[in-house]
K.L.:
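Can you read through this structure? Questions will come right after.
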Amino acid sequence: MDRLLKDLNEAQKEAVLSVEGPVMAIAGAGSGKTRVLTRRIAHLIDNVGVPKDNILAITFTNKAADEMKTRIASLLSMSTYRMWISTFHSMCARILREHIEHLGYTKNFQIIDDDDVTQMIKIVMKSLNLDVKTIKPNKLKPHILNLKSAPETIESYGEPLATYLHKVFPLYQKKLKENNLVDFEDLLVLTIRLLEEQPQVRKHYQQQFQYLLVDEFQDTNNLQYDLIRLLSDEKGNVFIVGDEDQSIYAFRGANIDNIRKFNNDYKNVKTVLLEKNYRSTNTILKAANQVISENKNRIEKTLHSTRGDGEKIRYFKGYSARDEVEYIADTIEKLHREGYAYEDMAILYRANSTSRMFEEGFMHKRLPYKVIGNTSFFKRKEIKDIVAYLRLVVNEHDDYSFRRIVNEPRRGIGATTVEKLANYCDNEGFSHYEAIEKTTLPVSGAPAKKLKAFKNMIETLQKRLGQVDFNVFLDDLLDLTGYKKALENDERGDVRYENIQELKTMLKETENTYATTDKETLLTYVLEDIALKSQEDEKIDSDAVSLMTLHAAKGLEFPVVFIAALEQGMFPLYRSLESSKDLEEERRLMYVGLTRAQQRLFLTNAKRRQLYGESVANPDSMFLKAIDPTLMKLEGLNREHADNEVRYTRDYNRTKRIRARRESLNSYTEKDLNKGDKIVHKAFGEGVVVSVARDQCVIAFSKEHGLKTLMKNHPAIVKKEE
DNA sequence: CACCGGTTTATTTTT
DNA sequence: TAAACCGGTG
C-alpha cells in the first residue's frame, strides 16, 4: 500500500484519489481535511507525476498555507519554494506583480490595510467637504469594500448612505490608483479584471494550473468564486473542501451558496463526505450535533467520534461574571495539577470585550494567559511609520505614505503646508513629491526649504538602498529621518525601538528567502509580505492559557475548552436575535466553538453581569438549551434556580428605557441651578451648588469627592426638589 | 499641538 | 463603565 494512503479512511482515500474532474469534499470538524489536502497534493506530484508548478492550492490564512507547505515538504522531502500554495490574496498579488501594467498600475504597487482604507476615506471625505460626523469613515468603509464584491447598486443602501457613497466611492478608487495603491478587495477585483480582459494572460494561468484545490470553501465570497471559475475553466480539475456548518464569515461577504453554485456550474461533481471525527469525544460531538441540527438551512450530516464517550460536559452558572472567572480559573488550576499544560486550554467568547474580565482575574491570580488576535504587530504606529518610509523609497509618488511621515518625526512641515501642497497637487496633477520642486507651488520660506530637505533625504535613502544591506539601510533610515532621535524622547521609545528591530529581522529574513538581488524588487516583496501578513505570528510556545474569540478559534483544537458568557444577548448577540439568518450564523459559531474541544468541555455563564455600566440579568443562551441535559453535569447556580425561560423582552425595552431616562434627566437640568441648590450626581452622589458661572458650576460633594467644577446642564446632575 | 472636558458608542474580521 | 473621539483653548 502506498505510504501516502495507508493511514487514511475510505472516504479520505476517495477524496485523495479522485484526481480528475470537480470534487467536493464535505469535511466535518476534525475530520482530517488538512491531511486530505496535503496527501492529495503529494499524491498528484509523486504518483500521478504532475509538475509542482501545475498545482494551485488556496487557503484562507497564511498560517494554513505555511502548514500545508511544511507538511508537503516533509511528505515528499522536497522544497516547496515558489509553489502556488497561498492565500487568495497572496496569489492575486503574485499574479498582479507580473501583469498589473495592463490595468494602468505600475509593478511596484503597494497593498494597504483596513486602517489605511479608513484613513483614505477620511481624506477623500474631507477633500469633498463632506461632514465626517453624520456618517463616519468607519461606517462607510464596509459599504465601500462591499460595493466591490456585491452585485448591489449604491441606491440599494438608501439615504443618506447612497449620496455619500456616490461621492466618496469613485474618488476613493481614483485616489488609490493615483497613488498606485490597492486594498484587499482590489487584489481580487483587479485580478479578475486582468483575467477577463487579457485572454493571453488568462490562457497562461489556465494552462499552468491544471489542478486546483480550495480550502475552507464555505468562506469564499463572490469574487473568490469568480476567480476560481476563471482559473479553472479549461479542465475543471477543482477540488474543494468545506463545511457549511462552519461558515462564520457571512458578515464579510462569504457566501455559503457558493457550495450549491459549484454543484451547478461544474458538471458531474463528485461528492465525498468526511464524517469521521478524530478530534473530540462522542459526548462533545453529540452536543455539537444537537446544537447545529436546529439550523434549518443545511444538509444533514452527523459526525461520529473515534474517541469514545469521555467525560460529561460541565455547565457552570455563577451569580456574577466574577464568579464565572473564578470558577474557570480554579478549574484551570485543578486541571493543571492533574497534568494538563496551560497551553492545552482555551477560553472562547463571542466578543473581544469579554477577554478583559479574564485578564484581570488571571493577572490577579498569577495564571499565565495569552490573548490571541490582539492588535497586530504591523498595526503599531512605529511599524506603520517605517513601512511608510520604505514605501516612499520604493515609490516616491505614494502621496498617502508621504503624508503619513512628512512630519513624523516633527520637522516643521505643519498641517497648513501639507494642505497647500495637497490642494496644489489636486489641481495640477502632480504627486506631492514632484510638486516640491515646482516653482508655482504656493509654499515659500522655511516650509519650502524643509520640504526640499525632506525630498533630498528620500533621494539619499533611495541611493543607499542599492548600496548596503537591509540591516545597514534601516539603521541609516532611522538616523537620517531623525526617527531614532525622536524615540529617545518618547517614554515608550524603548519598546518601539525593539519593535523596529524586529521588523529589521523580518527584512533580513526576506532578503535571504527570495532569489533576487535587486534591492528595490526585494523591498517590494518585503512590503507585500508585511501587508498580507497582518496577523502577528503566534507567540513563541509559551505555556499559557489561550483567550480568544470564537472566530479566532476556527481551525484550532485544544484538549480543554471553556466557552464563556453563554447568555441570551451575549451569545447569541442581541443584534442577531431578530434575524433567523444571523441567528443561524451565531449557531454555527457555537458549533465551531464546541468542536474545538478534544477531551474536556466547559460551558459557563452568569446570572447577572455588568454591561455598559449597568447590571443586567439575561436568560441562559438558547444554545445551552439545545444540548441534552443528560450530557452535562450542572454546577454552580444551576441547580437551585430554574431560571430557564428564554425571553428577550427586557432587551427591546433597554434602549427605550435608557433614552427615556436620559430625556427625563435633561428636562430636569433645563431648570436653572442656583447657589445653594441641592443636587444629586450620577457618580458623585449628593452635593450642594457652591457657585454658578455661565454654563458651569462648582459643586461640593461628600468629602471623598470634594469640590467639582461641572457643566451646569450635564445629564448626570439632577436637581433635588425642595 | 497638547490637554481638557464633554459626547458618543459600544460584534465578529482569516486577507 | 470605559474608551475613543471631537472641538475648543492655552
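Proteins get letters first, then strands, A, B, ... in listed order; numbering begins at 1 in each.
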K.L.:
Name the closest nucleotide to the A:Tyr249 side chain, picking from B:dT12, B:dT15, B:dT13.
P.N.:
B:dT13

K.L.:
Which parts of residues 217-226 of chain A get close to DNA chain B, meaning a heavy atom less than 4.0 angstrom away?
P.N.:
A:Asp219

K.L.:
Using a 4.0 Å heavy-atom cut-off, does A:Arg410 contact any base of the nucleic acid, only the sugar-phosphate backbone, or nothing at all?
P.N.:
sugar-phosphate

K.L.:
Going by an N to O cut-off under 4.0 Å, is there a salt bridge joining A:Arg279 and A:Glu557?
P.N.:
yes

K.L.:
Salt bridge check: are A:Glu408 and A:Arg404 linked by an N-O gap of less than 4.0 Å?
P.N.:
no

K.L.:
If you check the A:Arg252 side chain, which of C:dA3, B:dT15, B:dT12 turns out closest?
P.N.:
B:dT15

K.L.:
With heavy atoms under 4.0 Å as the rule, sort A:Arg588 into base, sugar-phosphate or nothing.
P.N.:
nothing

K.L.:
A:Arg588 and A:Glu244: salt bridge (charged side-chain N to carboxylate O under 4.0 Å, His left out), yes or no, with the steps?
P.N.:
CA-CA 9 Å; A:Arg588 291 192 291 269; A:Glu244 59 173 349; over 6 Å; no

K.L.:
Is A:Phe251 stacked on the base of B:dT12, with ring centres under 5.5 Å apart and planes under 30° apart?
P.N.:
yes

K.L.:
Would you indicate what A:Phe88 reaches in the nucleic acid, counting non-hydrogen atoms under 4.0 angstrom: base, sugar-phosphate, or nothing?
P.N.:
nothing

K.L.:
Are the aromatic rings of A:Phe623 and A:Phe571 close, with centres under 6.0 Å apart?
P.N.:
yes

K.L.:
Check this for me: does the side-chain of A:Arg350 come within 3.5 Å of the base of B:dT11 through a donor and an acceptor?
P.N.:
no

K.L.:
Taking the minimum atom-to-atom distance to the side chain of A:Asn407, which one of B:dT13, B:dT11, B:dC1 wins?
P.N.:
B:dC1

K.L.:
Quick one: sort the A:Tyr249 and A:His551 rings into parallel, tilted or perpendicular, breaks at 30° and 60°.
P.N.:
tilted

K.L.:
Could you tell me whether A:Glu360 and A:Arg356 make a salt bridge, using a distance below 4.0 angstrom between a side-chain N and a carboxylate O?
P.N.:
yes

